[in-house]
Structure formats: structure tokens, C-alpha cells
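Taking it in order: structure first as C-alpha cells, then the write-up.
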Amino acid sequence: MSMEKIVSLCKQCGFLFQSSEIYGGLQGFWDYGPLGVELKRNVKESWWKDMVVCHDDMSTLDGAPSPYAMEGLDCTIIMHPQVWKCSGHYDLFHDYMVDCKETKKRYRHDQLNGRWVEAKNQRVFITAAAGDDEVELIEKRAMKFFKIRAKNIEDIKYDGDPICLTEIENLAEVLGPDAKAVGTLTEPREFNLMFKTYVGALSGEEGTAFLRPETAQGIFVNFKNVLDSTRQKLPLGIAQIGKSFRNEITPRNFTFRSREFEQMEIEFFCHPDESQKWYQFWRDRRMAWYHEMGIPEDRLILREHTPDELAHYSIGTADLEYAFPFMAEGEFGELEGISHRGDFDLRSHIEGKLDEKSNPLELQLDENGKPKWKGSGKNLGYRDELTGEKYIPHVIEPSAGADRATLAFLCEAYTEDEQPDENGKMQKRVVMKFHPRLAPIKAAVFPLVKKDGMPEVAKKVYLDLKKQFKVFYDEKGAIGRRYRRQDEAGTPYCITVDGQTLEDQTVTIRDRDTLEQQRVKIDELRDIIQRRIDG
Ligand code: ATP
């Protein structure tokens, strides 16, 4: 299925719009339309309900090493700048970028792949943006660059498989992904991804603050507040959903890489000796959640990070990755990262930022031998009341993106099929097969025709259902057309008031996926819909 079709349906039906579209849009920023806002709210609410409110349902406890507590939090986007110094973001949260002097385009250094190509006595490293069908693209670019026709394709020699631009030392031999000439890419430069702003009337450096690039730090700095105010014991997870901002160099693939996005994060605090078990638990639990929400097993993988991918403090990290349609065949894109962070974060906020570059275990010192970025000095440790043991908890972090999850559910839901219309003629239809919990509209209510008292009854049904669900009322046009509009919106149930309703107070309920119609009593409608949504 093609991404273009999904993008165009999203605009047409009101799932997603480009931000500030009438002014030409702003790259990396997206608005959710009337259906999109409901879908994303349902994603976030399902996550919150399953992870926070109902986490101790017996079904989800299966597999947990022991009972555990969960609490929620909602922190500010702008925090004390020292937070970002101690977390490491101020010094280390950057990507490397290269600019093309010819096209003025900017790329992430680690997102360009290329291949050594030789022809006509010239050897060039020809690049393409990673993720595209790069082998094919590089072949086409090579023919164009060397001015060689398809019939002489044998004259082009390739040296090895595609490799990342980061492995190339001399950029003078590189053909940029959109350039015509060789050697137009600049040397890579560091680029901090945090957006800067100013707090208060001062516009100088003293007032400098940052928009948070992750929600996690708000949880770490409030760890003690949550413990003290709730009197919870470890193991304890603290959850937060909220906006994060990253000045991504190359935002792309629709909402997959945006500059403003929402995260759904849990910081799970536990005893160091039990942290491996909890790491395993959260990897399984989060994988199961996506399956429960309708992502099939063959389109979701858990990819363990290789040792050289791991941050130095990380004991283990695994990404949950989905087969997004914009990825090349057999490749997956990150939906969520689950990492075992040891005691790095709490310790950094107690002691100060650790110097990752020179010596991970030493504090970074200034010229007077004092810690350069001082921590809060506060005791963020934990004392076990039963055993008296004091320790700095270890942290497991399942960190998901609400927008990436929403995009995955959109891609997964998109289906084209053929169904018979009222006259038995086969008609193509687009149907968004969302899990009923995620569907933006749960039910649509239609009078079969706009007369004989049917609209009055249908409106009553609609007003009653509205108290419990997001429902839609439609009396315009042919019934088949009304069904098809709801199929595109992903509405799981369509309720029709017809002649028989007026006699026996029953309506039909049509299932979006099976198209089965069942006749049910109006009085029982709310319960039936609720039961079907809950599965
Ligand atoms: P990537 O490697 O794709 O940049 P990341 O590893 O930097 O992602 P994390 O810092 O682990 O991402 O953030 C946790 C989650 O937040 C990601 O799994 C993703 O779902 C979401 N996320 C991160 N960056 C973005 C972004 N620019 N746009 C949308 N979602 C994002």
C-alpha cells in the first residue's frame, strides 16, 4: 500500500493537515483534523488506561515479576536549564549535518548512504537519502552522472554494498543526494536539537531556556515528590504524556519525524537486582500492547541495540519497530524505545553530569576542579522501609511516540476492498479498519429515509448514544454513500433506523469489517456497542 494514498486520505477525511498550510506550511509541523484529534486522543487514552489506570488488572500482571505501582504526572515544557545540563542534552543532544553548497539542502550525516562507483576513469561516492530504494536510485544517478546509457550499463563498476556517509573521510569525492557536481557537501557540523527560547524580559544568555526534547526529565526531577506525596513503594512506574520538541535537521516521512511531537513515557523505578527482570517485562508488555491495539505480529519487531549503538550508561535498549509503508521492503521504523538506564538519570540529577566523552565514570570538572554541571545535591535515593536498605533505583524506560503510534495505526488500518452495493454491483471501497477502541467515531446513526418519522427516532438514538460515545448523525444522500463515508472514517458500527423500527423499536447495526447487519433493540444499543468496543 502506498504512503501517498494514506497521506491524501488523511487530508481529505480530516485526519492530518500540514501546519500553517495557507502560508505554504512549515516543515516538520502537523495539525490533527477533526478525525485525527479523536484518533490520537484515543491512542493516548488507551495507553494511559492500560499502562497507568488498569495496569494491575490480573491479565496484564501475567508475566510481571511482582505487583507494582503506577502513578501519573504532567510537567512543564520549559524547565530549569540545569536539568538539560545534568541530563546531558545541553552538551550531547546533537546530530551532525552536512550542507550541499550547490542545492542549499541540508542532510543528516548519518542518514545518507552511498556506494563507490567507477566509470570513465573516475571514482565517485554516489549518495541517496537512507531509506529510499537506494540501490536502484544510485544506479540511476550513476548512469546520469557518467552519461552512460542503459545498453552500456556494464561500463559502470560498483565497489561494495551501500555504506553510510559517516564512513567516508574525503567528502570531495562525494556526489550529494540532489547535486549535479561532485564535492559540494560541507564537512559535518554539530547541531544541537533543542529549541532555544528566553524566559522573562531578559533576552541575554541568562534568560536562555529550552523546550524539552523529551518528557522523561520531568519525571526524574519529580521522583521524590511523587514518592513522598503518594507514599508508594518501589517498584513504581511514573507515566507522562506530553509535547516534546526537537529541531530535527531533516523532518520527513509525514509525522514520523516531526519537530513538535508528543511522547508517552514511563520511567519505571526498581531495585538494581530486579532491573533485568523488569526490563524483560516491559519489552514484552509493550509489544503485547501494540498487538492488542491491532498491529499484527509480522509487522512489528523488537530490535535489540548492538553494543556500539548503546549509550554508555545504557545496560540494554531494544526498539519496537513497525513496517511503515515508507520504509524499504523488509525494513522497519522505530515506534518506541525500551531502555534499561541503570541509575544514570537519578545519579546525574544528584551529582551532576557525567563526562561521557573522556571518562564516563568521572564527573566533568571545571578549571578549579569543581564539577562543571552541578547536580541538585538533593537525595533522590530510596530507602526500603522493610529492610532498611538505601539505594539509587534503577530505571527502565519505555518511551513511545504518540504521533508515531497514531501513524502506525493509520497505516495499518488503511484497506481497500470490493463490496456489493445496494444493487449487488461490486464497488471499490476504502475502509480504515481501526481497532474499535481507537476509532475516532464509534457509531454513526442514519434514518433509512428522510421521512415517515425516521429522522426523529434516529435523532433520539443519536442523542442517547452521544452520552457515552463519540457518534455521528447523517441523514443526507443514499444509504450506501453514507456507509462508505463512515468506512473511510473507520467508524466500526453504523446504526440504521428503518420502517421496522417504528413498529418494534429495533434498529440494524452494521459491522464495518464483516458488513454483517444485526437487528437489536434500541434499549440495548449502548451496552452492545460498549461490549463490542471492549472486545
Ligand atoms: P529516532 O532515532 O527515530 O530519532 P530516537 O531514538 O531519538 O528516535 P527517542 O529519543 O528514544 O527517539 O524517543 C522516544 C520516542 O519518541 C521514539 O521512539 C519516537 O516514537 C518518538 N520520537 C522521537 N523523535 C521524534 C520525532 N522527531 N518525531 C516524532 N516522534 C519522535
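By convention here, the first residue in the shown sequence is residue 1. Each ligand, and each atom within it, is numbered from 1 in the order the structure gives.
- Closest heavy-atom approach to atom 2 (O) of ligand 1 among the candidates E334, R252, E336: E334.
- Nearest to atom 23 (C) of ligand 1 by heavy-atom distance, out of R246, E397, Q111, is R246.
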Quiz item: Would Y391 and D343 satisfy side-chain hydrogen bond (donor to acceptor under 3.5 Å, both in side chains), going step by step from the backbone distance to the final call?
Solution: CA-CA 10 Å; Y391 58 89; D343 65 4; over 6 Å; no

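- Interatomic distance, CZ of R108 versus CZ of F191, reported as 11.0 Å (0.5 Å rounding).
- Heavy-atom separations between E214 and ligand 1 are all 4.0 Å or longer.
- Within the structure, ligand 1 lacks D403 among the residues with a heavy atom less than 4.0 angstrom away.
- The protein heavy-atom contact nearest to atom 13 (O) of ligand 1 is Q263 NE2, 3.4 Å.
- Between F261 and ligand 1, not a single N/O pair is under 3.5 Å apart.
- The S258 neighbourhood of ligand 1 comprises atoms 26 (C), 27 (N), 28 (N), 29 (C), with distances under 4.0 Å to a heavy atom of that residue.
- Nearest to atom 15 (C) of ligand 1 among the protein's heavy atoms is S399 O, 3.7 Å.
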Self-check item: Steps toward side-chain contact (heavy atoms from CB on, under 4.5 Å) verdict (I241, E262)
Solution: CA-CA 7 Å; I241 299 181; E262 260 182 293; 3.9 Å; yes

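- At under 3.5 Å, not a single nitrogen or oxygen of R108, backbone or side chain, sits near a nitrogen or oxygen of ligand 1.
- Under the 4.0 Å criterion applied to side-chain N and carboxylate O atoms, R257 and E334 are not assigned as salt-bridge partners.
- Using a 30° and 60° split on the angle between ring planes, W278 and F281 fall in the perpendicular class, above 60°.
- The environment of E136 atom CD is sparse: at most 12 non-hydrogen atoms of other residues, nucleotides or ligands sit within 6.0 angstrom.
- Using a 4.5 Å heavy-atom threshold, the side chains of R286 and M51 count as touching.
- Close N/O approach between E265 and ligand 1 is not found [any backbone or side-chain N/O within under 3.5 Å].
- Contacts between R404 and ligand 1 below 4.0 angstrom, taking non-hydrogen atoms only, involve the side chain exclusively.
- For atom 20 (O) of ligand 1, the nearest non-hydrogen atom of the protein is L335 O, 2.9 Å.
- There is no side-chain donor-acceptor pair under 3.5 Å between S87 and Q217.
- Aromatic ring orientation, F269 versus F220: perpendicular (interplanar angle above 60°, classes split at 30° and 60°).
- Counting only heavy atoms of the protein, atom 4 (O) of ligand 1 lies nearest to R257 NH1, 2.7 Å.
- Checked against a 3.5 angstrom limit, the closest N/O atoms of G401 and ligand 1 fall inside it.
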Quiz prompt | E214/S399 under side-chain contact (heavy atoms from CB on, under 4.5 Å): CA gap, chis, key distance, verdict | solution = CA-CA 9 Å; E214 60 174 32; S399 169; over 6 Å; no

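- Annotation: atom 29 (C) of ligand 1 to nearest protein heavy atom, F256 O, 3.1 Å.
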